[in-house]
Amino acid sequence: MRSWKFCLILALSLTLLLGLATACKEEKKEGETPGATQTPGGLTGELEIFSWWTTGGEAAGLQALFDLYPDVCPGDVEIVNATVAGGAGFNARQVLTTRMAGGDPPGSFQVHMGRELTDTWVTAGKMEPLGDLFDAEGWSDVFPQGVLDIISYQGEPYSVPVNIHRANVLWYNKSVFADNNLEPPATFDEFFEVADTLKAAGVTPLALGDVDVWTAVHLMETVLLGSLGPDGYEGLWTGDTDWNGAEVTQALETFKQMLSYVNSDHSSLSWDQANDLVISGDAAMTVMGDWANADYEVKKFTDYGWAPTPGTDGYYDALSDTFGLPKDAPNPDAVTCWLKVVGSKEGQEAFNPLKGSVCARTDCDTSLFNPYLQSAIADWKSDVIVGSLAHGAAASQGWLTEIVDAATAFVTDKDVSAFQGRLADACVAAEVCS
Ligand code: GAL
């Protein structure tokens, strides 16, 4: 039989333990963000990362960030990879919009720097400001000021840029060019000469995969930039360039002419399937952002060359993928640590060589990047930078949707006058033109 002394000691010990446990619990509460799941042992719970990165290089880059997460964020967080397939995020954004409207945000989501971030989410009060995180991580010193300005609203940064992509790249099959004694075209006139030679040789000059029409809009924006120059192009988004003007007419005529050199099955292919035509040599060229470079890497294709799209030498048509912290996101501490990974030197050095982009940070080790990306790193420093239309930087989402709808009709009817009228109207509807 147990003695009363034993019982007393047991009772005292239990009281002490209970007291300690309560104290620990209270201490934890004080130091924590409400709703967070940080325990003394580290972060726990689920972390849902929402993106449209499903193709080879995209998925590989994302996985590299996931792999790094436990090193930077100790604990036992389960990452949920929530992807919605479809290039440039046109499908993903529809799902995201529904979720955000229904008060069901993911932990963090991929969003383009510029109007897509600011107009859609920040001014609507859907994102948390990240100034404290930027200060704690010293990020004001490692991101270029221009990038900091674009991700900020009323002095506060609202997302963490993981990369910089270039949209105005002409990719070509080197053997096809060599077999036909061709050089990559630098001007539109040269492009059409090269295209005629290829056509006569039975090769599709330009691969396009516009099952999602954004790729045609992507091609169009490079033509607008090459025709109007950076000031004229930027003026389209501020109202300074006349959408009804003769220069825009000329650019749209050039775009129309380019469309006459694409593969006949363009409307049933995605951007990466179009890239496959260049890889196989069935097509000689494609115009695509430098995620195409990651596609070549994943597919072990090395016989590619690159050049700025016609008329755009010295211009960098830029976009950036970023991640932020939505208001009321589940597990905000785990999300904040995800943002640390995304913005870190280690994270960007792991992600970008696989993704086909350059670091948004200025201090990455350039020797980690392939020759194309090294050329992009140099150009990013020296070129005139403009913001991409198809990838969320230049125009609000509503305006972009109007342009995509107009382009959908144009790709089929090729009616320049009707197209230009719709584009001009879209600028008015966006309240940028009067
Ligand atoms: C862009 C995005 C890139 C790449 C591409 C194709 O909008 O910024 O990261 O994924 O779409 O999906």
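Since this is a predicted model, take the numbers as computed values, not measurements. In listed order, ligands and their atoms are each counted from 1.
- Among F90, W52, W121, the single residue meeting the ring-ring contact (aromatic ring centres under 6.0 Å, His included) criterion with H112 is W52.
- Neither the backbone nor the side chain of T55 has a heavy atom within less than 4.0 Å of ligand 1.
- Between K345 and E137 there is no salt bridge, since none of the side-chain N atoms of the basic residue sits less than 4.0 Å from a carboxylate O of the acidic one.
- The pair D383-R166 counts as a salt bridge, with a side-chain nitrogen and a carboxylate oxygen less than 4.0 angstrom apart.
- Those atoms of ligand 1 that come under 4.0 Å of a heavy atom in H112, given as number and element, are 1 (C), 2 (C), 7 (O), 8 (O).
- Counting protein heavy atoms only, atom 2 (C) of ligand 1 is closest to D321 OD1, 3.4 Å.
- No cation-pi contact links K174 to Y304, judged by a cut-off of 6.0 Å to the six-membered ring centre and 45° from its axis.
- Considering backbone and side-chain atoms alike, A88 places an N or O below 3.5 Å from some N or O of ligand 1.
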Assess the residue pair V211 and L269 against the criterion (side-chain contact (heavy atoms from CB on, under 4.5 Å)); give the C-alpha distance rounded to whole Å, side-chain angles, the decisive distance to 0.1 Å, and a yes or no. CA-CA 5 Å; V211 66; L269 302 184; 5.8 Å; no
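- Heavy-atom contacts of L319 reach the following atoms of ligand 1: 8 (O) (cutoff under 4.0 Å).
- Looking at atom 3 (C) of ligand 1, its nearest protein heavy atom turns out to be K355 NZ, 3.4 Å.
- Taking atom 1 (C) of ligand 1 as the reference point, the nearest protein heavy-atom neighbour is H391 ND1, 3.3 Å.
- Scanning the protein for heavy atoms near atom 12 (O) of ligand 1, the closest one is E58 OE2, 2.7 Å.
- Of the candidates W291, W53, W214, W291 brings a heavy atom nearest to atom 5 (C) of ligand 1.
- Atom numbering of ligand 1 starts at 1 in the shown order; those under 4.0 Å from a heavy atom of H165 are 3 (C), 9 (O).
- Among the candidates T312, T241, D317, the single residue satisfying the side-chain contact (heavy atoms from CB on, under 4.5 Å) test with Y233 is D317.
- Remark: E116 engages R93 in a salt bridge, criterion side-chain N to carboxylate O under 4.0 Å.
- With W243 as the aromatic partner, R422 does not meet the cation-pi criteria of under 6.0 angstrom to the ring centre and within 45 degrees of the ring axis.
- Interface of G87 with ligand 1, defined as ligand atoms under 4.0 Å from a residue heavy atom, comprises 12 (O).
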